[in-house]
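Here's the structure we're looking at; comments come further down.
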Amino acid sequence: MFGSSTQTIPTVPGVPRHVAIIMDGNGRWAKKRLLPRVAGHRKGLEAVRETVSACSELGVEYLTLFAFSTENWRRPQDEVSFLMELFLRALENEVTRLARNDIRLRVIGSRERFAPQLAERIAAAEARTAGNGGLTLTIAADYGGRWDILQAANAALAAGATTLDEATLAEHLSMAYAPEPDLFIRTGGETRISNFLMWQLAYTELHFTDLLWPDFDRAALDKAFASYRKRERRFGRTSEQLPEGLRRQ
């Protein structure tokens, strides 16, 4: 169980321990090239591979990618169907690569609306990589921050809690197995968190880029990390209270 940034002061690593990303802009990337939106989603999968590899090499311990939100079911049915199929094929094709590179896969979100084949494939992929000790890659699919908080509250009540405090609720959140993100990245030029990890992002450093997700590469990740290293992470304190090495220069 990891501590809360509102209850204790976390350590501030030079390389973010946990990176969370909203991968926005696949459809617009395709539209700019007069291609169908699904072409952007295919290209976006290449950016996922590169980002996972780079984070693993750089020493990131947790990488969380927002793949499909609870609100994305509102998209055109053909696009939703394609995304579900892409997710299924990615699980089939990428798990061997993850296992070979000591990466653990976890998937958070509701699975009630997934086809049985997809739900079974997710469980199999998680089981196959469960013993891996390197990077933990989390895919948020049919996930929403409000859903997460509500399901945690209901789980706590079902477990016998009569009142809720941070610690009680936090242990039932989907990502109770991970520290809060140090760095949040959103591509595509939008500057909002869109119902992603609402509880966990309380003191996360936010980085927004106009790059569309398929164009997000190692250089863009390095730029986000450089921006992170310039931040002064005070967690409610003043600059003067920080150790000298953690003050903004």
Side-chain angles (χ1 to χ4, degrees), residues 1-8 10 16-24 48 51-52 55 60-73 83-84 87-88 90-91 94-95 98 103-116 118-161 164-186 192-204 206:
M1 185 68 183
F2 292 93
S4 164
S5 58
T6 61
Q7 302 296 309
T8 60
R17 187 180 187 187
H18 183 179
V19 178
I21 304 178
I22 292 182
M23 308 175 291
D24 197 11
V48 169
T51 300
V52 170
C55 284
V60 174
E61 296 179 38
Y62 300 87
L63 172 63
T64 303
L65 304 177
F66 203 7
F68 193 86
S69 75
T70 51
E71 292 74 51
N72 284 155
W73 293 106
L83 288 170
M84 293 298 109
F87 191 14
L88 179 63
L91 287 169
E94 302 296 326
V95 171
L98 297 178
I103 295 171
R104 181 176 187 178
L105 177 69
R106 302 190 72 154
V107 178
I108 59 171
S110 173
R111 302 183 190 180
E112 294 179 359
R113 299 181 68 176
F114 290 160
L118 178 56
E120 291 166 7
R121 187 69 63 179
I122 291 170
E126 289 182 316
R128 182 175 177 184
T129 62
N132 292 348
L135 174 73
T136 295
L137 170 63
T138 300
I139 304 297
D142 197 7
Y143 174 88
R146 291 184 177 181
W147 167 87
D148 196 5
I149 294 168
L150 286 170
Q151 69 81 28
N154 286 327
L157 294 173
L164 294 178
D165 55 20
E166 277 207 24
T168 303
L169 186 68
E171 68 180 83
H172 294 284
L173 291 169
S174 296
M175 294 202 71
Y177 58 84
E180 295 173 6
D182 298 292
L183 175 64
F184 164 92
I185 301 169
R186 180 170 185 153
R192 55 179 177 267
I193 63 172
S194 295
N195 198 21
F196 182 41
L197 299 177
M198 294 175 66
W199 179 279
Q200 297 88 343
L201 292 178
Y203 270 102
T204 299
L206 310 181

Over 12 foreign heavy atoms within 6.0 Å of CD, E112
no
Under 3.5 Å, is there a donor-acceptor pair between the side chain of [X] and the main chain of [Y]?
X    : Y    : result
T129 : A125 : yes
E180 : H18  : no
R146 : N195 : no
Q151 : D148 : yes

Testing the basics here: between [X] and [Y], what is the closest heavy-atom pair and its distance to 0.1 Å?
X    : Y    : answer
L164 : A153 : CD1-CB, 3.9 Å
F196 : A20  : CE2-CB, 3.9 Å
P181 : L201 : CG-CD2, 4.0 Å
V19  : I21  : CG1-CG1, 3.9 Å

Test side-chain contact (heavy atoms from CB on, under 4.5 Å) applied to [X] - qualifying residues, sequence neighbours left out:
X    : value
A124 : none
V48  : M23, L45, V52, L65, W213
E61  : R17
T136 : Y62, R104, R106, T138, Y177

Report the residues that fulfil ring pair (Phe, Tyr, Trp, His ring centres under 6.0 Å) with F87, sequence neighbours left out, ordered by chain and then residue number.
none
Can you name the residues that form a ring pair (Phe, Tyr, Trp, His ring centres under 6.0 Å) with F68, not counting sequence neighbours?
W73
I want to check something: taking the side chain as every heavy atom from C-beta on, are L63 and T51 in contact at a cut-off of under 4.5 Å?
yes
Between the CG atom in L105 and the CG atom in L135, the distance rounded to the nearest 0.5 Å is 10.0 Å
Angle class for the Y143/F66 ring planes (parallel below 30°, perpendicular above 60°, tilted otherwise)?
perpendicular
